[in-house]
Amino acid sequence: MKKFVIILLLLLPIVLMVTISLVGQMLATITYIKVESVAFVDEMENDISSIKVGKGESITLKIKVLPELANNKAVTYKCLDEDVATISESGELTGIAYGYTTLLVETIDGGKKDKLTVNVTNEVVESVDIDLSEKQLYLYQSFTLTYAIYPSTAVDKKVTWTSSNSECVEVDANGVVTAKKITSEPIIITATTRDGGKIDTCEITVIEQLLAFVPQINGEIMHTSNTLELDLETFVTYDKSQIIFEDINFVISQGAKYATIQDNALIFDPSFAGQPIQIKAYVNNGNVNVETTIYVRYVSE
């Protein structure tokens, strides 16, 4: 009897391991989600059947494997004529010579396939057209310029943005223009095509608002000092030809339990650090009736 018990105890771990392994395999089989389809898609994830690329240009192709929760979304690529174009393991397509070829993509799971016609072309940019020729911006205001490339079938539609005076008007790589200083003369924003160096311009003039807050981060004011007091005069700008600072009134329009206003200073309650407080500044001096708001947050160091 004792020997039987000993043998049973020795075999028990093995039986448990085998049981766990079998259960795990069964669960994996039950929960495994197979690939049903694969397709070449554009940036909006719409299916595409053809694409253009310039000679010597490289672009990264995008594919969509369905369902989204498929366990194995790995794919392989193949180009039927590598004298015309090549495709890397990561889906980077490079034009080698003018002409047409076909790309194939195939999923590792299930062997689902799609194909894409590739046209290696020399269609070049002839012109670029910014949507606006001139615009007035209030100080600290931002907006985005857009543009069109002609012909629309040109391969390389990318541009670079520059400002004739980035201290007054700044433009980023995406065409987002920000007014930083009042200007007496227009600032020239230029879009230059990467293909051919074609240009178009937009004149930006920065004017002062009657009354506005000066934001710091994401359109808000972030107070990170060890002090619990924020001087609101520091964060407001106004047209001094029509308003004097004494005309400006400050009130808390949202979050009054998080702070108070005393002598044009915002006094924070430290127990509510990080909470948004909406401050309204307004003027009603008989000649000017204007108001503006901004969110303020106290972030303890």
Side-chain angles (χ1 to χ4, degrees), residues 37-65 75 77-105 113-137 142-166 169-179 186-205:
S37 67
V38 62
F40 288 102
V41 296
D42 59 19
E43 291 300 318
M44 302 301 293
E45 297 204 346
N46 297 312
D47 291 4
I48 58 173
S49 59
S50 64
I51 195 168
K52 291 181 179 181
V53 64
K55 181 180 177 181
E57 182 187 13
S58 294
I59 58 176
T60 300
L61 297 177
K62 190 172 183 180
I63 60 168
K64 179 169 60 178
V65 178
V75 299
Y77 295 98
K78 183 180 180 180
C79 182
L80 298 187
D81 189 348
E82 294 192 339
D83 290 334
V84 174
T86 59
I87 185 76
S88 71
E89 292 181 357
S90 61
E92 184 176 69
L93 172 68
T94 302
I96 303 298
Y98 299 131
Y100 289 85
T101 186
T102 300
L103 289 182
L104 302 177
V105 62
K113 298 177 182 179
D114 193 24
K115 64 181 180 179
L116 183 70
T117 299
V118 177
N119 178 10
V120 180
T121 178
N122 63 347
E123 287 187 272
V124 298
V125 172
E126 295 178 3
S127 65
V128 58
D129 183 24
I130 299 176
D131 60 331
L132 296 172
S133 60
E134 60 181 0
K135 185 175 178 64
Q136 278 192 342
L137 289 182
S142 294
F143 87 111
T144 302
L145 283 169
T146 59
Y147 65 95
I149 295 291
Y150 298 99
S152 60
T153 52
V155 175
D156 188 349
K157 293 183 171 67
K158 294 185 178 180
V159 302
T160 56
W161 295 96
T162 55
S163 169
S164 62
N165 187 339
S166 57
V169 179
E170 185 179 71
V171 61
D172 71 8
N174 298 312
V176 178
V177 178
T178 303
I187 305 302
I188 308 301
I189 302 299
T190 303
T192 305
T193 64
R194 189 171 66 176
D195 177 8
K198 308 300 182 182
I199 66 171
D200 194 18
T201 61
C202 177
E203 295 185 352
I204 304 294
T205 304

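FYI, the numbering just counts along the sequence from 1. The figures here come from the full heavy-atom set of this structure, side chains too, leaving out hydrogens, waters and symmetry mates.
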| task | Please report the C-alpha distance between Val124 and Asp156 in whole Å, then the side-chain angles of each, then the deciding distance to 0.1 Å, and finally whether the side chain to side chain contact (heavy atoms under 4.5 Å, CB included) criterion is met. | result | CA-CA 7 Å; Val124 298; Asp156 188 349; over 6 Å; no
| said: Would you compute the distance between atom CG of Asn165 and atom CD1 of Ile187 and round it to the nearest 0.5 angstrom? | reply: 4.5 Å
| query | Is a side-chain donor or acceptor of Lys158 paired with a backbone partner of Asp195 at a separation under 3.5 angstrom? | reply | no
| task | Identify which one of Leu61, Leu93, Leu80, Thr102 satisfies the side chain to side chain contact (heavy atoms under 4.5 Å, CB included) criterion when paired with Val118. | result | Leu93
| query | In terms of the angle between their ring planes, are Trp161 and Tyr147 parallel, tilted or perpendicular, with boundaries placed at 30° and 60°? | reply | perpendicular
| request: Could you tell me which non-hydrogen atom of Phe40 sits nearest to which non-hydrogen atom of Asp114, and how far apart they are? | output: N-OD2, 2.9 Å
| Would you say Glu170 and Ser163 make side-chain contact, with heavy atoms under 4.5 Å? | no
| said: Using 0.5 Å steps for rounding, measure from the SG atom of Cys202 to the CG atom of Asp131. | reply: 7.5 Å
| field | Lys/Arg cation over aromatic Phe143: Lys135, 6.0 Å, 45° cone | value | yes
| task | Kindly indicate whether the side chain of Ile48, heavy atoms from C-beta on, has any atom under 4.5 Å from the side chain of Leu116. | result | yes
| note | In short, Ala85 meets Thr101 closest at the heavy-atom pair CB-CG2, 4.0 Å
| Does the pair Thr178 and Ser142 meet the rule for a side chain to side chain donor-acceptor pair (under 3.5 Å), with working shown? | CA-CA 4 Å; Thr178 303; Ser142 294; 2.9 Å; yes
| field | Residues which pass salt bridge (Lys or Arg N to Asp or Glu O under 4.0 Å) with Glu123, listed by chain and number, not counting sequence neighbours | value | Lys52
| Atom pair CD1/OG1 of Ile96 and Thr86 - distance to nearest 0.5 Å | 4.0 Å
| note | Between Val155 and Gly54 the two heavy atoms that sit nearest each other are CG1-N, 3.2 Å
| message | Just so I know, are the side chains of Ile188 and Glu203 near enough to count as touching, which here means a heavy-atom distance under 4.5 Å? | response | yes
| message | Quick one, Leu145 with Ile130, criterion side chain to side chain contact (heavy atoms under 4.5 Å, CB included). Give me CA distance, side-chain angles, the key distance, then yes/no. | response | CA-CA 7 Å; Leu145 283 169; Ile130 299 176; 3.8 Å; yes
| query | Could you give the distance from OG (Ser127) to NZ (Lys198), rounded to the nearest 0.5 Å? | reply | 8.5 Å
| field | Steps toward side chain to side chain contact (heavy atoms under 4.5 Å, CB included) verdict (Val75, Val65) | value | CA-CA 9 Å; Val75 299; Val65 178; 4.2 Å; yes
| Donor-acceptor contact present, side-chain Lys64 to main-chain Glu45, <3.5 Å | yes
| request: Please confirm whether Lys55 makes a cation-pi placement over Tyr98, using NZ or CZ under 6.0 Å from the six-membered ring centre and within 45° of the ring normal. | output: yes
| request: Check whether more than 12 heavy atoms from other residues, nucleotides or ligands sit under 6.0 Å from atom NZ of Lys78, and answer yes or no. | output: no
| Closest non-hydrogen atom pair, Val84 against Val120 | O-CG2, 3.5 Å
| message | I want to check something: taking the side chain as every heavy atom from C-beta on, are Asp42 and Ile51 in contact at a cut-off of under 4.5 Å? | response | no
| note | Separation between CG (Leu132) and CG (Asp129), nearest 0.5 Å, reads 10.0 Å
| query | So, the side chain of Asn174 versus the backbone of Val176: is there a donor-acceptor pair under 3.5 Å, distance only? | reply | no
| Should we count NZ of Lys115 as having more than 12 external heavy atoms under 6.0 Å? | no
| said: Show, in sequence, the C-alpha distance, side-chain angles and deciding distance for Val177 and Val169, and conclude whether the side chain to side chain contact (heavy atoms under 4.5 Å, CB included) test is met. | reply: CA-CA 7 Å; Val177 178; Val169 179; 3.4 Å; yes
| query | Thr162 versus Val171: any side-chain heavy-atom pair under 4.5 Å? | reply | no
| Thr60 OG1 to Ile63 CD1 distance, which is reported to the nearest 0.5 Å | 12.0 Å
| field | Heavy-atom check, side chain of Thr190 versus side chain of Asp200, under 4.5 Å | value | no
| query | What is the minimum heavy-atom distance between Val128 and Ile199, and which atoms define it? | reply | CG1-C, 3.5 Å
